[in-house]
*Asks:* 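Sharing a structure below in structure tokens format, with a few things to ask.
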There are 2 protein chains.
Amino acid sequence: MKRQTTTIKDIARELGISPSTVSRALKDHFEISEETKKAVRRVAEELNYQPNSLALSLRYSKSNTIGVIVPEIVHFFFSTVISGIEDIAQSKGYNVIITQSNESVAREMMNIQTLFNNRVDGVLVSLSKESFDYTHFEAMMQKGLPIVFFDRVPDTLNTSKVTVDDLLGGQQATEHLIKQGYKRIGHLAGPKNLDITNARLEGFRKAHEDAGLTVDEDLIIYDQASNEGEAYAAAFELLKTKKPDALFASNDLAAMGAIKAAQKYGKNVPQDFGVVGFSNWQFTALTNPSITTIEQPGFEMGQHAAELLIKQIESEEEEVSVESLKLPTNLLARDSSKKV
Amino acid sequence: MKRQTTTIKDIARELGISPSTVSRALKDHFEISEETKKAVRRVAEELNYQPNSLALSLRYSKSNTIGVIVPEIVHFFFSTVISGIEDIAQSKGYNVIITQSNESVAREMMNIQTLFNNRVDGVLVSLSKESFDYTHFEAMMQKGLPIVFFDRVPDTLNTSKVTVDDLLGGQQATEHLIKQGYKRIGHLAGPKNLDITNARLEGFRKAHEDAGLTVDEDLIIYDQASNEGEAYAAAFELLKTKKPDALFASNDLAAMGAIKAAQKYGKNVPQDFGVVGFSNWQFTALTNPSITTIEQPGFEMGQHAAELLIKQIESEEEEVSVESLKLPTNLLARDSSKKV
DNA sequence: ATGAAAGCGCTAACAC
DNA sequence: GTGTTAGCGCTTTCAT
């Protein structure tokens with residue numbers, strides 16, 4: 001079925017004037033007589049005229065669309081970010097095209113290419129887990145495509161990024177446990193080579209330092225936190241050999257493992273054993289009242305990333321400004337005071 | 001920063017031929033000499049030519065983009081549907097623009113208008129809770145915009161719809177409980193005026209009938225299932241007065257309420273009290289091992305909806321074909337056999 | 001086998 | 001104050 005549309009020409013013909021006059025009248029151009037303007041507006045209304053954005057995009061070489069590449073949409077954190085992106089985009093008159101990499105670099109490369117070909121004005125990217133090489137993004141940026149990264153950002157690329165303040169988060173989490181009276185806090189950390197692992201650990205150390213405590217290095221376990229089972233085993237072993245009185249888990253699955261290990265070990269969580277976990281998955285926070293959660297501000301991240309990108313798109317500067325934002329985390333505390 | 005692009009003209013200039021020849025060569029037109037084609041392809045490759053999709057869209061009045069309106073993106077079910085939509089769209093060369101209504105009709109009307117103005121080729125819609133009037137969609141459809149509804153569909157509009165087979169789901173859920181040995185099954189139903197409420201109830205009755213059981217109407221509670229607290233109260237009251245041995249909850253929050261009420265009442269779930277709940281939120285299924293869940297096939301729904309829409313978009317017919325699909329639900333059974 | 005020209009819908013410099 | 005024209009990038013009819 002053919003779509004019926006009225007164009008500027010239709011209005012012009014109707015009124016016996018030229019298309020350019022109509023165009024100007026619709027934009028309230030100062031050289032057009034009030035009379036003509038009124039007439040044009042009336043007819044436009046009558047015929048239910050809607051400007052053709054495709055024509056505009058072509059004319060201005062600007063699509064007013066931004067692209068997004070996320071590892072997966074079906075993920076609480078990323079869909080929250082998308083929501084934040086939508087929020088800003090909408091308010092600034094941009095459409096949002098969502099694509100997902102499914103954690104594959106190949107898909108990621110396809111996506112960025114597709115988005116570029118579809119003339120998006122800029123792209124927001126959170127890297128797939130496989131992405132250690134960023135040349136496909138670099139190439140696009142060199143072609144003049146503005147890209148802002150969020151959450152999972154490239155370490156080397158000189159570009160705008162929005163991330164979570166992991167140091168602060170690590171500190172908040174640890175402080176919380178210390179405040180509850182816990183002193184021997186185990187740490188189920190991520191892989192040693194990851195920036196976030198180290199930032200969170202730094203926060204962990206800082207909190208200890210601030211409280212006048214020393215960190216027992218034996219209580220830090222690296223790279224055993226990628227799933228619940230692994231974390232469970234690591235936590236149980238830790239409990240047996242090093243007797244921590246609380247656990248800091250680097251993600252929510254690890255936190256689940258930690259809790260189960262503590263319970264298995266005879267601990268009462270959260271009454272006599274504290275667990276705090278980073279989460280971008282919301283499940284822990286919502287469903288497990290025993291875990292104190294460090295919440296990642298997804299919506300705000302989306303907002304900030306979109307704002308940065310649009311600023312870059314609309315900037316006249318030849319030289320792109322590079323900004324790095326670190327958003328504060330949020331502590332969702334549970335009542336888990338250690339019984340003294 | 002200006003975006004550099006090579007156009008067909010650049011290739012033409014480079015080779016000293018006309019743009020139209022280049023265009024034809026690139027489409028492997030039979031009247032172009034093999035020699036020219038080769039040269040064109042070579043230069044296109046060299047200059048990294050990418051067709052301008054905006055120009056194409058304008059030329060063909062087809063954007064190869066479909067719009068989506070969901071109540072909210074941050075919702076397991078809807079993000080799953082979106083994922084399914086992406087899947088099909090991608091494979092058929094369509095972009096997807098996502099918008100959310102945030103459960104407001106006003107936003108919904110804005111969204112459909114925006115999408116229309118942005119020349120999407122068709123739209124997939126799941127209605128907001130506020131939407132009982134569908135004239136804004138009807139108007140668009142009359143203008144020739146293909147629309148396919150999914151999950152929350154309009155009852156009156158004559159249009160393609162994709163939904164879940166609630167009757168089957170209700171039946172599956174009930175059968176499951178009956179098979180476990182439960183005989184007095186309470187039913188926390190939705191509002192009486194909703195189609196899904198009645199379909200699920202019908203399945204509930206059918207399962208009873210098939211098993212030679214009669215339904216005790218007193219065990220059916222309407223419209224007290226919209227949140228956990230409400231459901232809890234209703235379930236507790238039901239337990240006290242009507243002594244059911246199992247509960248069928250019309251959604252996952254209600255299921256949570258039902259479980260808590262049963263536990264409060266001294267029941268052991270799932271050992272001596274069965275609970276089954278519909279879920280499009282996944283939380284129950286993933287996190288509460290006591291609830292048997294009727295899963296709604298989100299991904300498949302997205303796929304089917306997108307397929308239907310694209311078929312409609314690409315159909316040459318003047319008359320749009322209206323199809324209604326009901327997708328089978330999936331029972332995620334838990335081990336909750338009644339101890340006999 | 002290839003080129004010139006018109007047009008998708010809109011805008012803006014340049015007429016008058 | 002309004003019309004004419006050219007052009008955004010591409011395709012396609014009509015010439016040659």
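We name chains A, B, ... by the order of the sequence lines, and we start the count at 1 in each one.
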*Asks:* Measure from CD1 on B:I8 to C1' on D:dT11 and round the result to the nearest Å.
*Replies:* 8 Å

*Asks:* Looking at every heavy atom in both B:P19 and B:A12, which two are closest together, and how far apart are they?
*Replies:* N-CB, 3.7 Å

*Asks:* If you check the B:P51 side chain, which of D:dT4, C:dG9, D:dC10 turns out closest?
*Replies:* D:dC10

*Asks:* Starting at CD1 of A:I32 and ending at P of C:dT11, how long is that distance when rounded to a whole Å?
*Replies:* 13 Å

*Asks:* Give the rounded distance in Å between these two atoms: NE2 of B:H29 and C1' of D:dT11.
*Replies:* 10 Å

*Asks:* Hey, does the side chain of A:K9 come within less than 4.0 Å of C:dC8's phosphate (OP1/OP2), counting only N and O?
*Replies:* yes

*Asks:* Rounded to the nearest 0.5 Å, what separates atom CD1 in B:I147 from atom CZ in B:F116?
*Replies:* 9.5 Å

*Asks:* Without decimals, in angstroms, what is the distance between A:L15 CG and D:dG3 C1'?
*Replies:* 15 Å

*Asks:* A:Y60 has a side chain; which of D:dT4, D:dT13, C:dT11 sits nearest to it?
*Replies:* C:dT11

*Asks:* Is there a donor in the side chain of A:S83 and an acceptor in the side chain of B:E72, or the other way round, less than 3.5 Å apart?
*Replies:* no

*Asks:* Suppose we call a contact any N or O donor and acceptor under 3.5 Å apart; does that hold for the side chain of A:S20 and the base of D:dT4?
*Replies:* yes

*Asks:* For a quick check, tell me whether the side chain of A:R59 and the base of D:dG9 share a donor-acceptor pair closer than 3.5 Å.
*Replies:* no

*Asks:* Taking CD1 from A:I11 and P from C:dT11, how many angstroms apart are they, rounded to a whole number?
*Replies:* 11 Å

*Asks:* For B:S33 and C:dA1, is the shortest distance between a side-chain N/O and OP1 or OP2 below 4.0 Å?
*Replies:* no

*Asks:* Can you find a side chain N or O atom of B:S18 that sits less than 4.0 Å from OP1 or OP2 on C:dG3?
*Replies:* yes

*Asks:* Contact class for A:T36 (heavy atom, under 4.0 Å): base, sugar-phosphate, or nothing?
*Replies:* sugar-phosphate

*Asks:* Is there a side-chain contact between B:E34 and B:K37 in this structure, where contact means two heavy atoms from C-beta onward sitting under 4.5 Å apart?
*Replies:* yes

*Asks:* Please report the distance, rounded to the nearest Å, between CG in A:L26 and P in C:dT11.
*Replies:* 8 Å

*Asks:* With respect to the side chain of B:L56, which nucleotide from C:dA12, C:dG3, D:dC10 is positioned closest?
*Replies:* D:dC10

*Asks:* For the residue pair A:D133 and A:T135, confirm or rule out a side-chain donor-acceptor distance under 3.5 Å.
*Replies:* yes

*Asks:* Without decimals, in angstroms, what is the distance between B:K62 NZ and C:dG9 C1'?
*Replies:* 19 Å

*Asks:* When the distance from CZ of B:R24 to C1' of D:dC14 is rounded to whole Å, what number comes out?
*Replies:* 10 Å

*Asks:* When all nucleic acid strands are considered with a 4.0 Å heavy-atom cut-off, which category describes A:F30: base, sugar-phosphate, or nothing?
*Replies:* nothing

*Asks:* What is the nucleic acid contact for A:L54, judged by heavy atoms within less than 4.0 Å: base, sugar-phosphate only, or nothing?
*Replies:* nothing

